[in-house]
Novice: 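Quick one: the structure is below, and I'll ask about it shortly.
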Amino acid sequence: MREKTEVQNRIKPGLARPLLRVEDLKLYFRTTQGIVQAVDTISFALGRTQALAVLGESGCGKTSLAKAILRLLPRNVQTYSGRVELDGVDVMSWSEERFRREVRWTKVSMVAQAAMNSLNPVLRVGEQIAEPLIVHRGMDKKSAWARAREVVQLVGVPADFLQRYAFELSGGMRQRAVIAMALVTNPDLVILDEPTSSLDVLTQANIMNVLKNIKREFEKSFVLITHDIATSSELADCVAIMYAGQLVEWGTSEQFYPKPLHPYSQKLMASVPRLREERALDFIPGRPPSLINPPRGCRFAERCPSKFFQCEQEPPMIEVQGGRLVKCWLYR
Ligand SMILES: Nc1ncnc2c1ncn2[C@@H]1O[C@H](COP(=O)(O)OP(=O)(O)O)[C@@H](O)[C@H]1O
Ligand SMILES: [Mg+2]
């Protein structure tokens, strides 16, 4: 069931009782060239059984946002701050040990970018799906396999595939297997990082259908990271647009897809081919800026067709009708 969106204050997308709330989340990396501001002060909230689509070009910080939520941090972290709340509890303040025991893979799991290509080649698929249960839930091998058998059927993999090796499966079946790995511990929230890229269109549609069924029948929440805007609209209840490490737009799907507000979102949407529409595709000239010393002011200004003098200053998150949020001076 859909929760009613309720913006609790002017600048932060929110819900009355969210499953996940992220507040002022920052993740910066240290490199020889300088500090990379990959996730720069992001706030949002996601309700139970809701799906959030996180959209944006490559290099905008989508994967880093996922890692920041799950605290999967590389060694070169320079700053990691803000709040990550689950069911109102600030789990970011927990020790790594407690976080691993009570959050990662148990309450929140993730299908990493290109995970289907990094299945272990020498272990049977079933062993890999059962493993999180043995490691994180302390289950014995037999019960773990029984549960794995249940879960693969949910995602449309025949149970006898558990005995196979990754190279014996098609791309679509491998992707279903890694989704099964993320679901096997029965988490509340699954983060999927580009789960349909590098799959053919038909397989993409099948995977999205699997996710839709799971969301509906098992009341899961999803964060779906993608640059495939067309397929995202089938699953998403709300949409977050990321640009250069920041959130630049937030809205429900009903609000966003028919009428994106931020000039970047509009360009992104216009770059999607549509059936039954004679329209030249709109490509966004240029590339997202480097996140080492990103431009001051609006980070999209240099590529923006609507740029004006005010864009030299950083726009605040501005609330427009219905709790929609957009980080753009045009809506002041
Ligand atoms: N461990 C890291 N060290 C340094 N820079 C990183 C690291 N991980 C990602 N980045 C940089 O952070 C930025 C955002 O990357 P990423 O989160 O992967 O974006 P996206 O998933 O949207 O493509 C990119 O500039 C990327 O090069
Ligand atoms: Mg990525």
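For ligands, and for the atoms within them, numbers begin at 1 and follow the listed sequence.
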Novice: Are Asp237 and Lys215 ion-paired here, with the side-chain N under 4.0 Å from a carboxylate O?
Specialist: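 Looking at Lys215 together with Asp237, the answer is yes, because their closest N to O distance falls below 4.0 Å.
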Novice: Should Val239 and Tyr257 count as side-chain neighbours, where that means a heavy-atom distance under 4.5 Å?
Specialist: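 The answer is yes; the side chains approach within 4.5 Å.
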Novice: Are Ile179 and Leu211 side-chain neighbours, meaning at least one heavy-atom pair lies under 4.5 Å?
Specialist: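 Yes, their side chains come closer than 4.5 Å.
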Novice: Please confirm if an N, O or S atom belonging to Ser58, backbone or side chain, lies less than 2.8 Å from the Mg ion (ligand 2).
Specialist: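 So Ser58 does not bind the Mg ion (ligand 2) by this criterion.
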Novice: Quick one: are the ring centres of Trp329 and Phe308 less than 6.0 Å apart?
Specialist: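 No: the rings miss the under 6.0 Å criterion.
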Novice: Check ligand 1 for N or O atoms under 3.5 Å from a protein N or O and list each pair with its distance.
Specialist:
| from | atom 1 | to | atom 2 | distance (Å) |
| --- | --- | --- | --- | --- |
| ligand 1 | 1 (N) | Asn76 | OD1 | 3.4 |
| ligand 1 | 3 (N) | Asn76 | ND2 | 2.7 |
| ligand 1 | 17 (O) | Ser64 | N | 2.8 |
| ligand 1 | 17 (O) | Ser64 | OG | 2.6 |
| ligand 1 | 19 (O) | Gly61 | N | 3.1 |
| ligand 1 | 21 (O) | Thr63 | N | 2.9 |
| ligand 1 | 21 (O) | Thr63 | OG1 | 2.8 |
| ligand 1 | 22 (O) | Cys60 | N | 3.2 |
| ligand 1 | 22 (O) | Gly61 | N | 3.0 |
| ligand 1 | 22 (O) | Lys62 | N | 2.9 |
| ligand 1 | 22 (O) | Lys62 | NZ | 2.9 |
| ligand 1 | 23 (O) | Gly59 | N | 2.7 |

Novice: Taking NZ, NE, NH1 and NH2 as the nitrogens, is one of them in Lys141 or Glu127 under 4.0 Å from a carboxylate oxygen of the other?
Specialist: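 Not counted as a salt bridge, because no side-chain N and carboxylate O are separated by less than 4.0 Å.
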Novice: Is any side-chain heavy atom of Val326 less than 4.5 Å from a side-chain heavy atom of Glu319?
Specialist: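 No, side chains not in contact.
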Novice: Please determine whether Gln113 has a backbone or side-chain N, O or S atom lying under 2.8 Å from the Mg ion (ligand 2).
Specialist: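 For Gln113, the answer is yes, given that an N, O or S atom comes within less than 2.8 Å of the Mg ion (ligand 2).
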Novice: Are Met110 and Val190 packed together at the side-chain level, in the sense that at least one heavy-atom pair is separated by less than 4.5 angstrom?
Specialist: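 Not touching, per the 4.5 Å side-chain cut-off.
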